[in-house]
Colleague: 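Mind having a look at this structure? Questions to follow.
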Amino acid sequence: MRTAHWRAMHVQVDPPPHVLEDEIGLRLATPDADWRRRPDMDPYATRGFRAAIVARARFIENLFAAQAEVDQPGPQAWKRHRLVELGYGIPDWLHLVPQASGTPFISFYTPSEMLALAREVGLKSVRHVSGNSLAERCFADRADSLRPSSGEDLLLATT
């Protein structure tokens, strides 16, 4: 749920223009009233992580008119329930795709290693999107110098 908190913090503490305006995730998570006082929510210390989260979300949203969320079945069922409970429902354009294998955090691959691994498992049209490219797309000309943390590269691939 930390991701939802950081997405909301972007709107609450970073000056406009906002890369992404999303506080729905925060409503889904129903945090305690003092959630902003937690050490992992420090506005200055989390700047890079927060920027990386919203840049990744904006990049994905710009790719697709119809969107899909791939997540583990348990958290996805909870999100579905909370969306309905809060009156949002499940929009026709949102496809919730359960992913039984989970989403392990495996990192520190070079761009060429990422591309090679993706090709090895049969993914087609693989493309590396650098963190610097994301920063240029989403954070150019900001007066507050908000930028994603380093190492936030993406792999874009089709099957």
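The residues of the chain are indexed from 1 along the displayed sequence. Atoms considered below: every heavy atom in the structure, side chains included; atoms not considered: hydrogens, waters and symmetry mates.
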Colleague: My understanding is that only residues two or more places apart in sequence, or in another chain, count here; which of them pass side-chain contact (heavy atoms from CB on, under 4.5 Å) with Pro91?
Modeller: Trp93, Leu94
Colleague: Restricting to salt bridge (charged side-chain N to carboxylate O under 4.0 Å, His left out), what partner residues turn up for Glu120, sequence neighbours left out?
Modeller: none
Colleague: Give, for atom CE of Met114 and atom CZ of Arg119, the distance between the pair rounded to the nearest 0.5 Å.
Modeller: 11.0 Å
Colleague: About how many Å separate OG1 of Thr46 and CZ of Arg38, when rounded to the nearest 0.5 Å?
Modeller: 10.5 Å
Colleague: Show the nearest heavy-atom pair for residues Ala55 and Phe139, with the distance to one decimal.
Modeller: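 What the structure gives for the nearest pair is CB-CE1, 3.6 Å.
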Colleague: Out of curiosity, does Leu146 fall in the hydrophobic cluster containing Phe59 (side-chain heavy atoms, cut-off under 4.5 Å, transitive links)?
Modeller: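 No, no single cluster joins them.
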Colleague: Report the distance from atom CG of Asp22 to atom CD1 of Ile53, rounding to the nearest 0.5 Å.
Modeller: 11.5 Å
Colleague: Just jot down the salt bridge (charged side-chain N to carboxylate O under 4.0 Å, His left out) partners of Asp92, sequence neighbours excluded, or say none.
Modeller: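 Asp92 satisfies salt bridge (charged side-chain N to carboxylate O under 4.0 Å, His left out) with no residue once adjacent residues are dropped.
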Colleague: If the condition is side-chain contact (heavy atoms from CB on, under 4.5 Å), which residues does Val13 pass it with, not counting sequence neighbours?
Modeller: Met9, Arg36, Pro43, Arg50
Colleague: Tell me, please, which residues at least two apart from Arg137 pass salt bridge (charged side-chain N to carboxylate O under 4.0 Å, His left out).
Modeller: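 Applying salt bridge (charged side-chain N to carboxylate O under 4.0 Å, His left out) to Arg137 gives none.
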Colleague: What's the spacing between Leu117 CG and Thr110 OG1 if we round to 0.5 Å?
Modeller: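 Answer rounded to 0.5 Å: 9.0 Å.
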Colleague: Can you list the residues that meet the side chain to side chain donor-acceptor pair (under 3.5 Å) rule with Arg56, with sequence neighbours excluded?
Modeller: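 Arg56: side chain to side chain donor-acceptor pair (under 3.5 Å) contacts with Glu152.
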Colleague: Are any side-chain N or O atoms of Asp32 and backbone N or O atoms of Asp34, one a donor and one an acceptor, separated by less than 3.5 Å?
Modeller: no
Colleague: Taking only residues two or more places apart in sequence, or in another chain, which ones meet Arg80 in a salt bridge (charged side-chain N to carboxylate O under 4.0 Å, His left out)?
Modeller: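 None.
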Colleague: Just jot down the side-chain contact (heavy atoms from CB on, under 4.5 Å) partners of Ala8, sequence neighbours excluded, or say none.
Modeller: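 With sequence neighbours excluded, Ala8 shows a side-chain contact (heavy atoms from CB on, under 4.5 Å) to Gln12, Glu23, Leu26, given in chain and number order.
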Colleague: For residues 121-132, which residue pairs qualify under side-chain hydrogen bond (donor to acceptor under 3.5 Å, both in side chains), counting only residues two or more places apart or in two chains?
Modeller: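 The answer is His128-Asp153.
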Colleague: So which atom in His5 and which in Pro31 form the shortest heavy-atom distance, rounded to 0.1 Å?
Modeller: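 Minimum heavy-atom separation between His5 and Pro31: NE2-CB, 3.5 Å.
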Colleague: Mind listing the closest non-hydrogen atom pair of Arg7 and Ala57 along with its distance?
Modeller: NH1-CB, 3.7 Å
Colleague: If hydrophobic clusters are built by linking Ile, Leu, Val, Met, Phe, Trp and Tyr wherever their side-chain heavy atoms come under 4.5 Å apart, do Tyr109 and Leu123 end up in the same one?
Modeller: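 Per the 4.5 Å side-chain linkage, Tyr109 and Leu123 are co-clustered.
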Colleague: Who passes side-chain contact (heavy atoms from CB on, under 4.5 Å) against Asp141, sequence neighbours left out?
Modeller: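 Once residues adjacent in sequence are excluded, Asp141 has no partner under the side-chain contact (heavy atoms from CB on, under 4.5 Å) criterion.
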Colleague: Which pair of heavy atoms, one from Cys138 and one from Val19, lies closest together, and at what distance?
Modeller: O-CG2, 3.3 Å
Colleague: With sequence neighbours excluded, tell me which residues meet ring pair (Phe, Tyr, Trp, His ring centres under 6.0 Å) with Phe49.
Modeller: Trp6
Colleague: Checking His18 now: which residues fulfil ring pair (Phe, Tyr, Trp, His ring centres under 6.0 Å) with it, not counting sequence neighbours?
Modeller: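 Per chain and number, His18 pairs via ring pair (Phe, Tyr, Trp, His ring centres under 6.0 Å) with His10.
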Colleague: Could you tell me the separation between the CD1 atom of Ile24 and the CG atom of Leu86, rounded to the nearest 0.5 Å?
Modeller: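 Between Ile24 CD1 and Leu86 CG, I get 9.0 Å after rounding to 0.5 Å.
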Colleague: Leu20 and Val54: which non-hydrogen atoms are nearest, and at how many Å?
Modeller: CB-CB, 4.2 Å
Colleague: Does the Arg147 side chain pair with the main chain of Arg47, one donor and one acceptor, at a distance under 3.5 Å?
Modeller: no
